[in-house]
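Report on the structure given below.
Per chain, numbering begins at 1; letters A, B, ... match sequence-line order.
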Amino acid sequence: MPELPEVETIANGLRQGGFGQPSILGRRIERAHLLWRRSLASPSPEEFERRVVNQAIEEVGRRGKFLVLRLSRDYLLFHLRMSGDLIAEPVSTAIAPHHRLIIDLDEGLRLAFNDARKFGRAWLVDDAATVLGSLGPEPLDPNLTPAAFHARLTARRRQLKPLLLDQSFLAGLGNIYSDEALFLAGLHPLALAHKLTLAQSERLLNSIRQTLQEGIRHHGASIDWVYRGGDFQNHFRVYRRTGEPCRVCGSLIQRLRLNQRSTHFCPVCQQLPSGNMSLPPGEVT
DNA sequence: ACGAGCGCCTGTCGGC
DNA sequence: TGCCGACAGGCGCTCG
């Protein structure tokens with residue numbers, strides 16, 4: 001499920017509780033059980049199940065697409081990748097088919113890492129930076145100024161879409177929100193980052209922030225069989241709208257494949273600058 | 001430094 | 001109905 005708005009929604013739910021879900025803040029870990037070996041990146045299962053016990057969950061946050069649980073002594077980090085989810089539920093609940101890591105808490109609660117596709121990972125580390133250290137800036141951080149963003153963009157000789165997906169460039173964007181942000185900014189996904197003007201960079205930053213805030217306001221997007229109650233999927237402007245009319249100009253939304261991933265854009269609202277024309281057009285649907 | 005392709009996994013959907 | 005390929009919100013790894 002997870003891009004920045006979805007991870008933010010999950011973190012908020014675990015922290016505050018509500019909608020029938022209990023808060024895990026302040027709960028003490030009583031035991032842990034790993035059900036799928038590879039869901040734990042580090043340390044070993046034996047060390048994890050021993051070391052995590054008796055630590056309290058003191059803070060629940062997010063960095064990029066990572067969920068960050070600050071415990072008494074360590075950090076418990078999760079990356080949900082494609083299908084992961086973190087669920088707080090009563091210990092009396094039956095173990096769901098795709099639960100990969102079970103963490104029993106006091107007061108009869110359980111924190112479950114559920115992940116159908118098994119791409120997600122958990123880490124228990126004393127220093128969060130060992131996992132989060134290479135992440136780029138948070139897009140919603142006000143310290144990221146248009147000038148600073150422009151400097152980052154022009155330092156790279158890359159196409160915009162792959163660059164926005166690069167978590168060391170900017171932390172939190174995935175396939176949905178990068179397509180949506182590029183549309184709002186009126187920039188072609190294959191446009192070159194180092195050719196952007198300051199005004200274009202500022203517009204892109206504002207578009208990224210607007211898209212992410214919209215996503216958070218709608219509690220994220222729920223598509224396919226994964227559902228968390230968010231409804232941002234009803235407000236997509238280009239993502240998965242191939243062949244449908246652009247909401248601004250009526251042109252048909254196009255799709256192209258970039259590194260095995262779908263990219264959606266409006267061929268009229270998002271023109272490729274002439275400087276990019278030497279590039280092969282790619283396979284367009 | 002960068003792009004392209006593949007592997008990791010399970011599930012859903014549309015076409016035949 | 002069953003089978004098969006395409007596709008899916010990510011990312012680390014190779015290889016040019």
Notebook entry, point to check: Would you call the rings of A:Trp123 and A:Phe66 parallel, tilted or perpendicular, where under 30° means parallel and over 60° means perpendicular?
Noted result: tilted
Next item on the list: For the pair A:Asp126 and A:Arg73, find out whether any cationic side-chain nitrogen is under 4.0 Å from an anionic carboxylate oxygen.
Entry: no
Next item on the list: Can you run down the salt bridge (charged side-chain N to carboxylate O under 4.0 Å, His left out) pairs that involve residues 179-202 of chain A, sequence neighbours left out, and say none if there aren't any?
Entry: A:Lys161-A:Asp179
Notebook entry, point to check: Given atom CG of A:Leu258 and atom P of B:dC2, what is their separation to the nearest angstrom?
Noted result: 15 Å
Note to self: For A:Arg121 and A:Leu163, find the nucleotide of DNA chain B closest to each by heavy atoms; which residue's nucleotide sits nearer the 5' end?
What the structure shows: A:Leu163
Check: Rounding to a whole Å, what distance do you find between A:Phe119:CZ and C:dC7:C1'?
Finding: 12 Å
Check: Quick one: A:Leu160 CG to B:dC2 P, roughly how many Å, whole number?
Finding: 13 Å
Notebook entry, point to check: Between CZ of A:Arg156 and CG of A:Leu192, what distance do you get to the nearest 0.5 Å?
Noted result: 13.5 Å
Margin query: OP1 or OP2 of B:dG3 versus the side-chain N and O atoms of A:Arg156: is any pair under 4.0 Å?
Written below: no
Next item on the list: Please determine, for the side chain of A:Arg255, which listed nucleotide (C:dC11, C:dC7, B:dC9) has the closest atom?
Entry: C:dC7
Note to self: Rounded at 0.5 Å granularity, tell me how far CZ in A:Arg27 sits from CD1 in A:Ile24.
What the structure shows: 10.0 Å
Check: Given that both pair distances must be under 3.5 Å and the pair must be Watson-Crick or G-U, what runs of three or more consecutive pairs involve DNA chain B?
Finding: B:2-8 with C:10-16, B:10-16 with C:2-8
Checklist line | Expected output: side-chain A:Arg152 to main-chain A:Gly136 donor-acceptor under 3.5 Å | finding: no
Notebook entry, point to check: Taking the side chain as C-beta and beyond, is there a heavy-atom pair between A:Ile208 and A:Leu184 under 4.5 Å?
Noted result: no
Item checked: Whole-Å distance separating the NE2 atom of A:His194 from the P atom of B:dC2 -> 10 Å
Item checked: Salt bridge A:Arg100-A:Asp115, side-chain N to carboxylate O under 4.0 Å -> no
Check: Within the pair A:Lys118 and B:dC8, is there a side-chain N or O less than 4.0 Å away from OP1 or OP2?
Finding: no
Checklist line | Interatomic distance, A:Tyr239 OH vs C:dA8 P [rounded to whole Å] | finding: 6 Å
Check: P atom, C:dC4 versus B:dC9: distance in rounded Å?
Finding: 22 Å
Next item on the list: Rounded to whole angstrom, note down the C1' distance from C:dC3 over to B:dC8.
Entry: 24 Å
Check: Looking only at side-chain N and O atoms, does A:Asn259 come under 4.0 Å of OP1 or OP2 in B:dG3?
Finding: no
Margin query: It should be established whether A:Ser262 places a side-chain nitrogen or oxygen under 4.0 Å from OP1 or OP2 of nucleotide C:dA8.
Written below: yes
Check: Mind checking the P distance from C:dG5 to B:dC6? Whole angstroms is fine.
Finding: 16 Å
Item checked: 5'-most by nearest nucleotide on DNA chain B - A:Pro162 or A:Trp36 -> A:Pro162
Margin query: Nearest to the A:Ala221 side chain among B:dC8, C:dG9, C:dC11, which nucleotide is it?
Written below: C:dG9
Check: Between C:dC11 and A:His79, is there an OP1 or OP2 to side-chain N/O distance shorter than 4.0 Å?
Finding: yes
Next item on the list: Starting from P on B:dG11, measure out to CG on A:Asp115 and report it in whole angstrom.
Entry: 11 Å
Item checked: Distance, rounded to the nearest Å, where A:Arg38 contributes CZ and B:dG7 contributes P -> 14 Å
Notebook entry, point to check: Quick one: is B:dG3 close enough that its OP1 or OP2 comes under 4.0 Å of any side-chain N or O from A:Arg158?
Noted result: yes
Check: Angle class for the A:Phe236/A:Tyr239 ring planes (parallel below 30°, perpendicular above 60°, tilted otherwise)?
Finding: perpendicular
Check: When you check the phosphate oxygens OP1 and OP2 of B:dG11, does a side-chain N or O of A:His98 lie under 4.0 Å from one of them?
Finding: yes
Checklist line | Contact under 4.0 Å: A:Lys65 side-chain N or O vs C:dG9 OP1/OP2 | finding: no
Notebook entry, point to check: Quick one: is B:dT12 close enough that its OP1 or OP2 comes under 4.0 Å of any side-chain N or O from A:Arg117?
Noted result: no
Checklist line | C:dA8 to B:dG5 separation - P atoms, rounded to the nearest Å | finding: 16 Å
Notebook entry, point to check: Expressed in angstrom and rounded to an integer, what is the separation of A:Leu164 atom CG from C:dG9 atom P?
Noted result: 15 Å
Notebook entry, point to check: What about A:Arg261: does its side chain form a donor-acceptor pair under 3.5 Å with the base of C:dA8?
Noted result: no
Notebook entry, point to check: Ignoring hydrogens and angles, does a donor from either the side chain of A:Gln260 or the base of B:dG5 sit under 3.5 Å from an acceptor on the other?
Noted result: no
